[in-house]
Amino acid sequence: MGLTKSENFSVTQNDLAELFKALGHPARVAILEHLIQSNTCITGDIVEHLPLSQATVSQHLKALKNTGLIKGTIEGTSVCYCIDEVAWAEAKSKLGGFFDQFDPHSTCC
């Protein structure tokens, strides 16, 4: 991340940026929604619900897993993905804290 100078920002700011980056693609949002609804999923099953190739879905799953929002276990030749409950709660808290900083009663515009 040399060009972004992320070291000049707080850990909280960097964590939020990574979270927003993970949520910043509609395919990843769709994957998360699918995992929430099904409570567990096989990679091939996710591909059936999205207008994307297996390789593209795998890239999005990797990004979500790297962020920690999902976890996966290998079952034979398939990987079973689900929401990581601990990381999900942390993300919810971080996002809530970020949005709670705004006081609509003290707006400048």
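Between Glu90 and Glu85 the shortest side-chain heavy-atom distance does not fall below 4.5 Å. At least one side-chain heavy atom of Asn66 sits less than 4.5 Å from a side-chain heavy atom of Lys62. For the pair Leu95/Leu23, a side-chain contact is recorded, criterion being any heavy-atom separation below 4.5 Å from C-beta on. Looking at Leu50 and Val57, their side chains come closer than 4.5 Å, going by heavy atoms from C-beta outward.
One distance of note links SG of Cys82 with CG of Leu69; it measures 12.0 Å at 0.5 Å rounding. Remark: Leu19 CG to Phe98 CZ distance equals 10.5 Å, nearest 0.5 Å. Distance CD/Gln54 to CD/Gln59: 11.0 Å, rounded to 0.5 Å. From Leu32, atom CG reaches atom CD1 of Ile83 across 5.0 Å, with rounding to the nearest 0.5 Å. Atom NE2 of His60 and atom NE2 of His25 lie 4.0 Å apart (nearest 0.5 Å).
Minimum interatomic distance between Leu16 and Lys94 (heavy atoms only, all atoms of both residues): CD2-O, 3.8 Å. Nearest heavy atoms, Gly68 versus Ala87: O-CB, 2.8 Å.
Remark: Glu33 does not engage Arg28 in a salt bridge, criterion side-chain N to carboxylate O under 4.0 Å.
Between Phe20 and Phe99, the ring planes lie perpendicular to each other; the angle is over 60°, past the 30° to 60° tilted range. Between His49 and His34, the ring planes lie tilted relative to each other; the angle falls in the 30° to 60° range.
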* List the steps, then state whether side-chain contact (heavy atoms from CB on, under 4.5 Å) holds for Leu64 with Leu35. => CA-CA 12 Å; Leu64 290 169; Leu35 291 174; 5.8 Å; no
* Test side-chain contact (heavy atoms from CB on, under 4.5 Å) applied to Ser6 and Asn14, step by step -> CA-CA 7 Å; Ser6 60; Asn14 279 291; 3.1 Å; yes
* To do: Verify side-chain contact (heavy atoms from CB on, under 4.5 Å) between Phe9 and Asp15, making sure each step is shown before the conclusion.
  => CA-CA 10 Å; Phe9 300 95; Asp15 287 349; over 6 Å; no
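Under the side chain to side chain contact (heavy atoms under 4.5 Å, CB included) rule, Cys80 has a single partner from Ile74, Asp45, Thr73, which is Thr73.
Criterion: ILVMFWY side-chain heavy atoms under 4.5 Å apart, direct or through other members. Under it, Ile36 and Val29 are not part of a common hydrophobic cluster.
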